[in-house]
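Every number for a ligand or one of its atoms is a count from 1 in the order of the listing. Just so you know, these numbers use all the heavy atoms, side chains as well, and skip hydrogens, waters and symmetry mates.
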Amino acid sequence: MNAFASAPGKIILFGEHAVVYGRPALAVPVTQVHVNVEVLDSPRAGIFIHAPGIDLHAELNTLPADHPIASVILKVIQRFDISPLPNLEINISSTIPVASGLGSGAAVSVALIRSLSSFLLHPISDDEVNTLTYEIEKLHHGTPSGIDNTVITYNKPVYFIKGQPVEMFKVGKPFTIVIGDTGISALTKESVNDVRRLWLKDTARFESLFDEIAQVALIARRSIESGKPELLGKLMDHNHSLLQELTVSSPELDQLVIVAREAGALGAKLSGGGRGGNMIALVEQAKAESVASALISAGAQHTIITEVQ
Ligand code: PMV
């Protein structure tokens, strides 16, 4: 018997960084990119993992226990109390760029957990997939808020507050986002640590910046739900300037944000950890292609046009 599962990428629309301090953030799945995992019976003894995208071809036992992929498989085996271990071939392929804020790590975990659960005939609820994936995220990313695993597990727009029950939001009217990748890989862990250092030094100022970001996220949610996505442009611009004050932007991100606005976007901001990775721009559908090509001309490594619905 074979099993298969797929998981999308994600992008944060509003509220990154402040979300680590208990404020709300909005994130949506990006279905143009995804991770696919296939689990097959193997004629040879062992659990063989093939992930050509990261040049990985290895038997489970030859990998360190904290390897990002091995750790997921080991967690699933432990969770389902599987013994003896079956002989498996696991094929992992992904179109989600790594380390760019599109949630590739969480997507691998979600697809791997679901395909193994289906292969091993151990049903697993979405809530459990989410909890297991969060445990893996903590292993590799320090103190993540949990937004990645949540939006990718449920594959729905999520209004996320750390430690609170998952809340989805409705999209009153679909809208189009262009995602532009600076091509600069930046560790979210580092920008999160830097913000923490600054917050410790000037807590009052940073708390009030986080409050302002929370306000933006709240108004953004209302605008989306009430079918007025055009209002998000100004909110993105405001959120970007608040992220600049948190020191998590970069000259390249600022440049792409400006270029997107000049090319006709209704607003733009960095997305995710910052310092590199992606920015997003809100566009009228008819302008999506021209904003995307302006971003490429300004140095973006690639772009994704996605419809939020
Ligand atoms: O860089 P990304 O897309 O994984 O997002 C990081 C978002 C932060 O708020 C900066 C950190 C977090 O854990 O939520």
TODO: Output the set of protein residues with a heavy-atom contact under 4.0 Å to ligand 1, ordered first by chain identifier and then by residue number.
DONE: Lys10, Ile12, Glu16, His17, Val19, Val20, Gly101, Pro144, Ser145, Ile147, Asp148, Thr188, Val192, Gly272, Gly273
Going by an N to O cut-off under 4.0 Å, is there a salt bridge joining [X] and [Y]?
X: Arg23; Y: Glu207; answer: yes
X: Arg114; Y: Asp126; answer: yes
X: Arg275; Y: Glu190; answer: no

TODO: Treating Ile, Leu, Val, Met, Phe, Trp and Tyr as nodes and any side-chain heavy-atom pair under 4.5 angstrom as an edge, say whether Leu270 and Ile258 lie in one connected cluster.
DONE: no
- [ ] Among Asp148, Ile152, Leu112, Ile113, find the residue that satisfies the side chain to side chain contact (heavy atoms under 4.5 Å, CB included) test when tested with Thr133.
- [x] Ile113
Task: Interatomic distance, Glu245 atom CD to Ile213 atom CD1 [nearest 0.5 angstrom] - done: 9.0 Å
